[in-house]
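Position 1 is the first residue of the sequence, and the numbers go up from there. Only heavy atoms go into these numbers, but all of them, side chains included; no hydrogens, no water, no symmetry mates. Both counts, for ligands and for their atoms, begin at 1 and track the order of listing.
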Amino acid sequence: MSTEEMVTPESVGGEPFVTVQQHILQEQKRFPGASGEFSWLLSGITLATKLIQAKVRRAGLTDILGDQGDVNVQGEVQQKLDVYSNDMLDHCLSMRESIGVLASEENEHPEIINHTSPNAKYAVVFDPLDGSSNIDVNVSVGTTFSILHRPFGEGTDDAASWVLQPGSKQVAAGYVVYGSSTILVYSAGYGVHGFTLDPAVGAFLLSHENIRMPDQGKYYSVNEAYRDSFPPQYVKYLDHVRSGGLGRGYSSRYIGSMVADFHRTLLKGGIFLYPPTEEQPDGKLRLLYEANPIAFIAEHAGGKATNGHERVLDIVPKSIHQRTPLVVGSQVEMDSFEVFSNG
Ligand code: AHM
Ligand code: MG
């Protein structure tokens, strides 16, 4: 029995509550014949992210800030937090028989788990600790994940073919933000739901049911230091937003952790952009484990996501670590962006 199933109303102050585990089990009833494998798979993600958040919370107290390969005072090799996070996801997910392939930002190649087992139905792709350069300065970081069904037909013996699927094929996706609180946001295609970790009981409790992105926000989010090397349509669009072209004044917010910048955009509306630059013509963010889960969540919450030319979820990936420009946000901002990017 997981920690979440053991939570009682008394342990959370007598208030009614739903744990992420209960919620996933309810969601699963939508799929006739569902065997519980999917909720078991997701519980691997929630367990790993609880372990990661515990380590992130102690970041200033332990020796874990050193570079990988440093030796601490006890003579032990120090682990960087992103390596630790990768290990935790790997450990918690590789025990799930329903998973055939795992792929991570931290590993060059996809890892084959139960590839040949007929019970292996899913691939999980993740960025274990997005924005990890922010750790040293106490700024929010996060984990992103994307779950894909085993591909059908020829070529399925090739692990890469399990993960090289367009984002529209995601069965579920989500992220965790390790911020002022720890929040898990996920969608299995039926709404977007947020669960805040109650540190007292160690359970993710439903705090944001059926999140809808506002039609318009008041923040735009982009690294404006690169403005001179953005393609001209991005510069024109940003000038339009700043000059009141969308009918209201905007402020800018840029944390430099995509998950945190997107989470604000999801709840408050607005737009987040990581455009192509002269140095990085394909942008910086990775398609499979950064842009795809964010685009999936955005669309299921009523927003949109594009690479400047096409819907992010329609891009057919060619390689596991491929990059993509990402523009994601509310309807009003995105519709206007599309006018500029087509013009
Ligand atoms: P990472 O995966 O190495 O952490 O890099 C991704 C991060 C994103 O979280 C964030 O949106 C972006 O890098 C910020 O980059 P920049 O400093 O160029 O604005
Ligand atoms: Mg990342």
Side-chain angles (χ1 to χ4, degrees), residues 49 52-53 55-56 59 64-65 67-68 79-90 103-108 125-146 173-179 182-183 185 219-231 234-235 238 252-268 270-298 303 305-308 312 317 319-329:
T49 55
I52 296 167
Q53 75 85 33
K55 204 76 158 176
V56 167
I64 55 181
L65 291 178
D67 286 340
Q68 175 75 5
Q79 268 198 322
K80 262 169 82 175
L81 260 170
D82 40 12
V83 175
Y84 175 84
S85 305
N86 195 45
D87 288 350
M88 289 307 104
L89 279 155
D90 202 51
S104 161
E105 176 169 8
E106 296 292 324
N107 303 334
E108 194 181 342
V125 190
F126 52 86
D127 180 357
L129 204 61
D130 182 57
S132 55
S133 63
N134 277 323
I135 284 274
D136 289 357
V137 288
N138 271 39
V139 171
S140 300
V141 290
T143 296
T144 50
F145 61 90
S146 163
Y175 60 83
V176 176
V177 188
Y178 312 108
T182 298
I183 184 166
V185 174
Y219 301 120
Y220 69 92
S221 185
V222 66
N223 190 337
E224 286 193 303
Y226 307 146
R227 178 188 161 98
D228 292 346
S229 74
F230 291 161
Y234 283 83
V235 176
L238 290 169
S252 85
R253 294 281 188 278
Y254 191 71
I255 297 168
S257 279
M258 177 199 68
V259 182
D261 278 315
F262 174 72
H263 186 61
R264 181 195 56 251
T265 308
L266 177 70
L267 296 185
K268 303 284 185 194
I271 189 164
F272 168 82
L273 309 95
Y274 204 109
T277 59
E278 276 161 22
E279 216 169 284
Q280 295 190 293
D282 294 323
K284 178 183 183 187
L285 302 175
R286 312 291 184 147
L287 174 62
L288 289 186
Y289 40 80
E290 294 179 329
N292 272 344
I294 293 300
F296 187 84
I297 294 290
T306 173
N307 67 356
V312 167
S319 65
I320 288 155
H321 299 293
Q322 106 181 39
R323 297 177 195 270
T324 179
L326 175 65
V327 182
V328 58

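Short contacts between ligand 1 and Met258, defined as distances under 4.0 Å to a heavy atom of the residue, involve ligand atoms 8 (C), 9 (O), 10 (C), 11 (O). Those atoms of ligand 1 with a heavy atom of Ser132 less than 4.0 angstrom away are 4 (O). Each of the following atoms of ligand 1 lies closer than 4.0 Å to a heavy atom of Asp127: 2 (O). Interface atoms of ligand 1 facing Gly131, defined by a heavy-atom separation under 4.0 Å, are 4 (O), 9 (O). Using a 4.0 Å cut-off to heavy atoms of Glu290, the atoms of ligand 1 that qualify are 2 (O). Near Glu105, the atoms of ligand 1 lying under 4.0 angstrom from a non-hydrogen atom of the residue are 2 (O). In the vicinity of Tyr254, heavy-atom distances shorter than 4.0 Å reach the ligand 1 atoms 14 (C), 15 (O), 16 (P), 19 (O).
Judged by distance alone, the side chains of Asn292 and Ser146 never bring a donor and an acceptor atom under 3.5 Å apart. Judged by distance alone, the side chains of Asn134 and Ser257 do bring a donor and an acceptor atom under 3.5 Å apart. A donor-acceptor contact under 3.5 angstrom links the side chains of Thr143 and Tyr178, judged on distance only.
The CG atom of Leu326 sits 8.0 Å away from the CG atom of Leu273 when rounded to the nearest 0.5 Å. Of the inter-residue distances, the one linking Glu290 atom CD with Phe262 atom CZ reads 13.5 Å to the nearest 0.5 angstrom. Expressed to the nearest 0.5 Å, how far OH of Tyr254 lies from CG of Asn223 amounts to 4.5 Å.
Taking Pro317 as the reference, Leu164, Pro166, Leu287, Leu288, Gln322 meet the side chain to side chain contact (heavy atoms under 4.5 Å, CB included) condition, with sequence neighbours excluded.
Taking any N or O of Val259, backbone or side chain, none lies under 3.5 Å from an N or O belonging to ligand 1. In terms of N/O distances under 3.5 Å, ligand 1 is not approached by Ser257. In terms of polar-atom proximity, Leu129 is not counted as a contact of ligand 1, lacking any N or O under 3.5 Å from an N or O of the ligand.
Within the 4.0 Å heavy-atom shell around ligand 1 one does not find Arg286.
Relative ring orientation between Tyr234 and Phe230 is described as tilted, the plane-to-plane angle lying within the 30° to 60° band.
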